[in-house]
Amino acid sequence: MIFEYLLEHIEYVLKQGKTDIQITTLEKDSRKVQNGSVYVCIVGINADGHDYIKEAVEKGASVIVTERNLENPPEDITWVQVEDTRYALALMAAAYFGYPADKLKIIGITGTKGKTTCAYMMKSILESAGYKTGLIGTIEIIIGEEKVPSLNTTPESLELHRYFAKMLEEGCEYVVMEVSSQALMLKRTAGVSFEVAVFTNLSSDHIGPGEHESFEQYKECKKILFTQCKCGIGNIDDPYFEDMFSNTRCHLITYGFSEYADFRANDMKPVFEKGRIGTICNVTGNLEMQVELSVPGIFGVCNALAVITSARYLLISKEIIKKALKNVKVKGRTEIIENTKGYTVLLDYAHNPVSLSNLLTSLRLYRPQRIVSLFGCGGNRSKIRRYQMGEISGKLADFTIITSDNPRFENPQNIIQDICIGMAKTNGKYVTIEDRKEAIRYALAHAREGDLIVIAGKGHEDYQEIQGRKIYMDDRNTIESILKEE
């Protein structure tokens, strides 16, 4: 491939060498550079790619792309300077893989909560309609029969276009992907045109070191997606709805419970039976139908409305939508772990105040004998989150088991004590058990018939972060092994 081809949509300054040269690979990691590579210097949180130029050249890079000026550039290489190497990398990656995104219909989903559930719902609908569909999200990347564990909700641009290219090779027509605010801020999806972009909701999250400086920045990053799509699907009930779609030119369709929504839901009825927890509701507005969902509560219905609205924009029939939504399941999202003990065990990723509150509030509608809430909080994160989650569980659960969840470099007992501060604001009953496996064992050993046991925080994750190491810990496997012991 000729290097010049990668630059066709980029503004750049040729500082040294020439662009009509043959290149081999495109890399942002100096460790992966080989003879003939283009090395793009990315400025990250913990490392600056400009510091590894010498290493890249020694490994055979023939081109370097920088956003900084170099006082003593290596000799006998091509040096291109751009304003933003992250943006340049995204456009270069698209060119390098032959612009695969342009040949796919891509559905992007953003918001604080609901992205993963919506993504799997949408994939189920599209596949039920006969479209081969790839998925990129928090849990995994799905390419045909291949499943790759995710490192980020939205991959870096170079990996993203590599996945697009593989999906195209596998015969995919659609791609459903979660688009994080971090990805939008870091230009990972720059240049990608989305057929549909979905906004679920917005609340304070991902604010702090290494993420977003403020809620305002977080919100502004989310808005970027709606400048890159043909059709925007928006939750009209969210307080930031109008802000999210201001200054955008996309076609807008709304959903929600408001009478002004294009697609709206009403007459919700809980479904709670052995091995199943869900909701039946009526959809009205631009579509009239009754739908049964395999997710609980108002927020489950709201997620379903988002994908129903998207599916109707794509001209998918309501019969296909109904069938797909009835049986779709998402790993670690209100996932029922079946047992024969007379109580229900539910696994969920709820790991912050908003998600825990939404989950427990939704589950109270099902009127179980008791709600038993088991959770912890991550280390090296805001203490406010711990206080709030303790208070929420104390108010909404009948009994709480406080345990460990990714303590990172903190003492787990200190985190548990912070959660107890919030719990002390309520009359909630609780115990503390630091070892998460033993906490789960306690929950199951003391469960009563009709109880709903909520194991929150980990969801699809299969590890604990302790002192810089990821140690295997899968709540699902832990629950199943303990149930077999009884």
Side-chain angles (χ1 to χ4, degrees), residues 1-101 151-152 154-165 180-192 208-213 217 220-221 224 227-228:
M1 181 180 289
I2 303 300
F3 173 54
E4 195 168 48
Y5 176 65
L6 303 187
L7 300 171
E8 63 179 348
H9 296 302
I10 298 171
E11 292 185 9
Y12 66 93
V13 176
L14 179 61
K15 304 285 284 190
Q16 180 177 291
K18 53 186 180 179
T19 59
D20 58 344
I21 59 171
Q22 193 76 28
I23 55 100
T24 54
T25 66
L26 176 64
E27 306 291 354
K28 63 177 180 60
D29 186 338
S30 60
R31 294 167 294 185
K32 296 180 181 180
V33 167
Q34 55 187 269
N35 282 331
S37 291
V38 176
Y39 172 58
V40 184
C41 302
I42 300 295
V43 180
I45 298 170
N46 300 313
D48 183 346
H50 294 80
D51 296 336
Y52 299 91
I53 290 174
K54 182 179 178 182
E55 177 186 336
V57 173
E58 287 174 350
K59 287 189 172 184
S62 56
V63 178
I64 57 171
V65 180
T66 75
E67 62 183 47
R68 295 180 180 170
N69 198 39
L70 304 178
E71 292 184 3
N72 298 298
E75 297 179 358
D76 302 322
I77 62 155
T78 292
W79 168 28
V80 165
Q81 188 173 10
V82 297
E83 184 176 340
D84 185 335
T85 49
R86 286 190 178 276
Y87 180 77
L89 178 63
L91 300 191
M92 292 168 73
Y96 181 78
F97 288 104
Y99 299 101
L151 298 176
N152 298 305
T154 312
E156 294 285 356
S157 59
L158 189 56
E159 285 70 37
L160 182 63
H161 287 279
R162 182 178 288 113
Y163 290 135
F164 286 155
S180 67
S181 57
Q182 194 82 348
L184 291 162
M185 180 175 72
L186 298 177
K187 316 291 197 311
R188 292 176 189 168
T189 60
V192 175
E211 296 187 280
H212 295 283
E213 295 175 358
Q217 186 196 69
E220 291 301 311
C221 288
I224 294 170
T227 66
Q228 296 178 226

Can you measure from [atom1] ([X]) to [atom2] ([Y]) and round to the nearest 0.5 angstrom?
X	Y	atom1	atom2	answer
I2	Y5	CD1	OH	12.0 Å
L6	L26	CG	CG	6.0 Å
W79	T66	CH2	OG1	5.5 Å
Q217	S181	CD	OG	8.5 Å
R188	T154	CZ	OG1	7.0 Å

### Task
Could you walk me through whether Y39 and V63 pass side-chain contact (heavy atoms from CB on, under 4.5 Å), step by step?
CA-CA 6 Å; Y39 172 58; V63 178; over 6 Å; no
Partners passing side chain to side chain donor-acceptor pair (under 3.5 Å) against [X] (at least two apart in sequence or in another chain):
X	result
S62	none
Q22	none
T78	none
T85	E67

So which pairs with a foot in [range] pass salt bridge (Lys or Arg N to Asp or Glu O under 4.0 Å), sequence neighbours left out?
range	result
residues 35-54	D48-R68
residues 16-28	none
residues 80-91	D84-K187, R86-E156

### By ring pair (Phe, Tyr, Trp, His ring centres under 6.0 Å) - contacts of F164 (at least two apart)
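Ring pair (Phe, Tyr, Trp, His ring centres under 6.0 Å) list for F164, sorted by chain: H161.
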### Message
Holding to ring pair (Phe, Tyr, Trp, His ring centres under 6.0 Å), I want the full list of residues that pass it with Y99, two or more places apart in sequence or in another chain.
### Response
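Testing Y99 for ring pair (Phe, Tyr, Trp, His ring centres under 6.0 Å), a comparison that skips the adjacent residues, returns H9.
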Under 3.5 Å, is there a donor-acceptor pair between the side chain of [X] and the main chain of [Y]?
X	Y	answer
Y96	L89	no
S30	A56	no
T189	V192	no

### Test item: M92 and V65 side chains (from C-beta on) under 4.5 Å apart, heavy atoms
yes
### Query
Hey, are the side chains of I64 and V80 touching, using non-hydrogen atoms and a 4.5 Å cut-off?
no
Which atom pair, heavy atoms only, marks the closest approach of [X] to [Y]?
X	Y	result
I10	A88	CD1-O, 3.6 Å
P74	V57	CG-CG2, 3.8 Å
M1	A95	CE-O, 4.4 Å
C41	I53	SG-CG1, 3.6 Å

Please name all residues satisfying side chain to side chain contact (heavy atoms under 4.5 Å, CB included) with [X], sequence neighbours left out, ordered by chain then number.
X	answer
T19	F3, E4, L7, Y12, L14
A90	S157, A190
T227	I224, T248

### Task
Show the numbers, then the answer: is there a side-chain contact (heavy atoms from CB on, under 4.5 Å) between I77 and Q16?
CA-CA 7 Å; I77 62 155; Q16 180 177 291; 3.7 Å; yes
### Query
Taking it one step at a time, do K59 and R31 satisfy side-chain contact (heavy atoms from CB on, under 4.5 Å)?
CA-CA 8 Å; K59 287 189 172 184; R31 294 167 294 185; 4.1 Å; yes
### Query
Can you tell me if CD on E8 sees more than 12 non-hydrogen neighbours from other groups inside 6.0 Å?
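It does: E8 CD has more than 12 such atoms within range.
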### Task
Decide yes or no on side-chain contact (heavy atoms from CB on, under 4.5 Å) for T24 and N35, but give the supporting numbers first.
CA-CA 7 Å; T24 54; N35 282 331; 5.8 Å; no
